[in-house]
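Here the structure is laid out as structure tokens; the discussion comes afterwards.
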There are 2 protein chains.
Amino acid sequence: MAAGLARERILVEAGELFLAGGPEGVTMRGLAARMGVTPMALYRHFDSRDDLLGAIVEEGHAVFLRYLNRSLAEATPAARLLAAGRQYLLFALEHPRRYAVMFMEHVPQPPEKKGANAWADAATFRFLVDRIRECAAAGVLTVEDPEAAALSVWAHVHGLVSLFLAGKLPVDRTAFESLYDESIQRLMRGFGGGGKGGSR
Amino acid sequence: MAAGLARERILVEAGELFLAGGPEGVTMRGLAARMGVTPMALYRHFDSRDDLLGAIVEEGHAVFLRYLNRSLAEATPAARLLAAGRQYLLFALEHPRRYAVMFMEHVPQPPEKKGANAWADAATFRFLVDRIRECAAAGVLTVEDPEAAALSVWAHVHGLVSLFLAGKLPVDRTAFESLYDESIQRLMRGFGGGGKGGSR
DNA sequence: GTCTATAGGTGGATAGAC
DNA sequence: GTCTATCCACCTATAGAC
């Protein structure tokens, strides 16, 4: 907290390494060389490599939430929910590494963080629940349990995105995008939401 | 191919290491120590560590298909589709490591394998398409494009399973199982399949 | 088919001087 | 806040004898 400046600079450079090579791509040696310092200098700002990696992931959550928040600009509850889905996809496609560490990797729940991080950062899950509640209140969707519904939606969206990011779907990005929209509409139909969808 | 016996033994032991520690858990040194030989001995049977790991994954596909095939014992198309979903879950829960390497990790398509492995082992995807086609033919589901529908179903199921395996869902196994069933039924409703489901 | 010896590489991290 | 000097653990793989 004292010397915030240097720490930020390290985080920026480390973020670029992470972008290019994922967690494995971030090594104290490589990072130090890139910044023109010795590896040990980094330990003044981060206790360990895991500490550094943790900071990068935290940043990821913040970025993600920023994407989701954009959807609030829409006028109606239904439009906001749909927009949230698009923002979700956009984040995943523009930050695949971040997405992978945030949602596709097993992290054995470090007992330090007060358990608040369950539901993969409750804030993002809450966001989705709120969107669905909004739609239910407006009568656009028929939902008895918003949390259960949100989980279905999240899983669906995550399933599509993660399979695509893992290279399991032999389609290109644009093909995937339309496929993503269609699949979501099909799911919405299950909630009584007529898939009259939006423009893209 | 010549000395199949020793190769199998290695594969068994390596499989156990893999089970316990994932891909990272399989090291030539560790494996050799476990088997009471020197690391170099292993190179008689596998060209490299990647070769060994590849063999383990191949085995995984075979095991997975065996699970899916069990669902064919059911009497009706609808029951077979539902059973396939349960077998999918069962495989994932009983072989989480295998599931992870097969579906949750990015493999940069080695151009050697003739491209036949796209769609994450076409065989398993085909299986799902067939189940859905069957249901459509029987009038249980209303599906225009079986492949697109299969993709939706796969993504949904994979999304749930992978989030659970990654520890992102703060529920225990039994809670997850019922949640899994419910979520699938909700999706099926989108296909016109009344979620009158099955027993568990 | 298995061994010894060994080369060569990656990485994280501590101690203590400047 | 950064350095040098190390240490350590871990790993894959080659060469050539038995």
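All of these numbers come straight from a predicted model, not from anything done at the bench. Note on naming: letters A, B, ... go to the chains in the order of the sequence lines (proteins, then strands), and numbering restarts at 1 for each one.
Taking atom CZ on A:F46 and atom P on C:dG12, their separation rounds to 14 Å, with Å as the unit. Computed from coordinates, the B:L31 CG to C:dT2 C1' distance equals 15 Å when rounded to whole Å. One interatomic measurement links the two molecules: CG of A:L52 to P of C:dG11, which rounds to 15 Å at whole-angstrom precision. Nucleotide D:dT14 holds its P atom 10 Å from the CE atom of B:M40, rounded to whole Å. Summarising the geometry, the separation between NE2 on B:H45 and P on D:dA13 is reported as 16 Å, rounded to the nearest angstrom.
For A:R44, there are no side chain to side chain donor-acceptor pair (under 3.5 Å) partners, not counting sequence neighbours.
The side chain of A:T38 sits closest to D:dT4 out of C:dG12, D:dT4, C:dT2.
Within 4.0 Å of A:R44, counting heavy atoms only, lies at least one base atom of the nucleic acid. Within the 4.0 angstrom heavy-atom criterion, only backbone atoms of the sugar-phosphate kind lie near A:M28; the bases stay farther away.
The base of C:dG11 is not paired with the side chain of A:R49 by any donor and acceptor separated by under 3.5 Å.
A chain of hydrophobic side-chain contacts below 4.5 Å, direct or via other Ile, Leu, Val, Met, Phe, Trp or Tyr residues, connects B:V63 to B:F125.
Cation-pi geometry between A:R49 and A:F46 is not met: the NZ or CZ atom fails to fall both under 6.0 Å from the ring centre and inside 45° of the normal.
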Could you give me the CA-CA distance, side-chain angles and deciding distance for B:Y88 and B:F127, then say whether ring-ring contact (aromatic ring centres under 6.0 Å, His included) is met? CA-CA 12 Å; B:Y88 189 102; B:F127 186 95; over 10 Å; no
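Distances shorter than 4.0 Å separate none of the side-chain N or O atoms of B:Y43 from OP1 or OP2 on D:dT14.
Sequence order on DNA chain C of the closest nucleotides to B:P39 and A:D50 puts B:P39 first from the 5' end. Residue order along DNA chain D, read from the 5' end via each residue's closest nucleotide, puts A:L42 first among A:L42 and A:R29.
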